[in-house]
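Position 1 is the first residue of the sequence; numbering continues from there. Small disclaimer: the values here were computed from a predicted structure and weren't measured.
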Amino acid sequence: MVDASRAVVAACSKFTRFDMHLVGPVLGPVSYAASRIADVRFISNEFSSLQGRLIRWELGAWCAAITQALPKAETLNEGRLGGIASCFRETILVAEQVECYTEARALAEAAIRFFSRVAMQAHRADAVAHAVSALVWLGRTERLAGRTDDALLHLGRVRSLGFGAEIAAGPLRVTRAQWDSVIALEAEMARVVAFDSAVELFSTLLEAEQYEEVVSLALVARRGPNDPPALENIRKEAALSALCRLGCPDEALSLASRYTMEAREGTKLIFELRRAEVLACFGELPRARRMLESVCTVLEQRWRAH
């Protein structure tokens, strides 16, 4: 426990000194001439259906909040591992925000060691789940650092747990019996791990430009038994992004239309936005603009109503 606290506190002390200004990409002039050549400037690899997006705090306040939460997380008897996991995760997010990937990697590895030790000593299923979650965090950090091969290795190992495999190499070992205990005793945590690992895997494959693999995983591959329903929307978004980047207008436009019609009320605007992206990507800019204006009108009405 002391080692875990020291790792988090030391990192927070360092990151308080950082700040950054985020500047979006600047696009060049856009031709409104109809074209079937993919203009991927209009396509985002971010998943709009992803819940719980990170709102970047002022770093001093963020680090102070983490260090204040840590003593309470350590002293709670019930659910204390969740509190400690949250402190680790928040500190890794701070490190990633300031692009300190070496520190983020060290924190993720420290979390893996800590939760692995608790799992071995106390035989706790939640500790196993937190250790596997930390391996997902490590995969995300490697992706952000540009080490896509390492990211895919970690994330692939986590995803394999949902299909009956074990993790027998790398910074974490998880037996079949251990993961079965997580599924039986911590079913919601198993679903969160399945969701997070799949999202990060799709993000990494898109960044690595492995678009055929994205299409295969999104549209063809067998679903994991612990995959939550929310993952279907991520698969659809990933497939549309990959098909556009592969230059497949007929497939992308057909799927975009189908996903928009099939979408439930809570996600319909997301897929209308995605459909507009696909239209713009393949030169249908006037149609894309009309669709975006419609989306903006609905959002404005909802905003005023609430």
Spatial distance of atom CG (Leu206) from atom OG1 (Thr148) [nearest 0.5 Å]: 12.0 Å
Does Ile183 reach the side chain of Trp179, with side-chain heavy atoms less than 4.5 Å apart? yes
Counting only N and O atoms by type, is there a donor-acceptor contact under 3.5 Å from the side chain of Arg124 to the main-chain atoms of Ala119? no
Side chains of Val94 and Trp57: closer than 4.5 Å at any heavy-atom pair? no
Salt-bridged, Glu293 to Arg290, with N to O below 4.0 Å? no
Between the main-chain N or O of Glu200 and the side-chain N or O of Thr204, is there a donor-acceptor pair closer than 3.5 Å? yes
Hey, what do you get for CG (Leu107) to CZ (Arg89), rounding to the nearest 0.5 Å? 11.0 Å
ILVMFWY clustering at 4.5 Å (side-chain atoms), partners of Leu144: Tyr101
So does Arg176 pair up with Glu166, basic N to acidic O under 4.0 Å? no
If you round to the nearest 0.5 Å, how far is OG of Ser257 from CD of Glu262? 11.0 Å
Give a yes or no on whether the backbone of Glu251 and the side-chain of Ser254 come within a donor-acceptor separation of less than 3.5 Å. no
Quick one: pull up CG in Leu155 and CG in Leu138 and give me the separation to the nearest 0.5 Å. 8.5 Å
I'd like to know if the side chain of Glu213 reaches the main chain of Gln210, judged simply by a donor and an acceptor atom lying under 3.5 Å from each other, with no hydrogens or angles considered. no
Does Leu93 reach the side chain of Trp62, with side-chain heavy atoms less than 4.5 Å apart? yes
Does any part of the side chain of Leu201, heavy atoms only, come nearer than 4.5 Å to the side chain of Arg159, both counted from C-beta? yes
Are Arg274 and Lys236 side-chain neighbours, meaning at least one heavy-atom pair lies under 4.5 Å? no
Quick one: ring pair (Phe, Tyr, Trp, His ring centres under 6.0 Å) pairs with a partner in residues 126-156, sequence neighbours left out? Phe115-His130
Note: Glu272-Arg275 ion pair, threshold 4.0 Å (strictly below): no
Thr175 side chain to Gln178 main-chain N or O, any donor-acceptor pair under 3.5 Å? yes
Which class fits the ring pair Phe47 and Phe202: parallel under 30°, tilted 30 to 60°, perpendicular over 60°? perpendicular
Nearest 0.5 Å, please: how far is OH in Tyr259 from CD in Glu232? 8.5 Å
Sub-3.5 Å donor-acceptor pair from the side chain of Ser116 to the main-chain atoms of Ile112, do we have one? yes
Taking C-beta and beyond as the side chain, do Asn45 and Arg245 meet within less than 4.5 Å on heavy atoms? yes
Output yes when a side-chain donor or acceptor of Glu284 lies under 3.5 Å from a complementary backbone atom of Arg287, and no otherwise. no
Can a salt bridge be assigned to the pair Glu109 and Arg105 using a cut-off of 4.0 Å between side-chain N and carboxylate O? no
Measuring only between side-chain heavy atoms, which start at C-beta, is Cys244 closer than 4.5 Å to Phe282? yes
Pairwise side-chain contact, Phe114 with Leu81, heavy-atom cut-off 4.5 Å (strictly under): yes
N/O donor-acceptor pair under 3.5 Å between Asp227 side chain and Gly224 backbone: yes
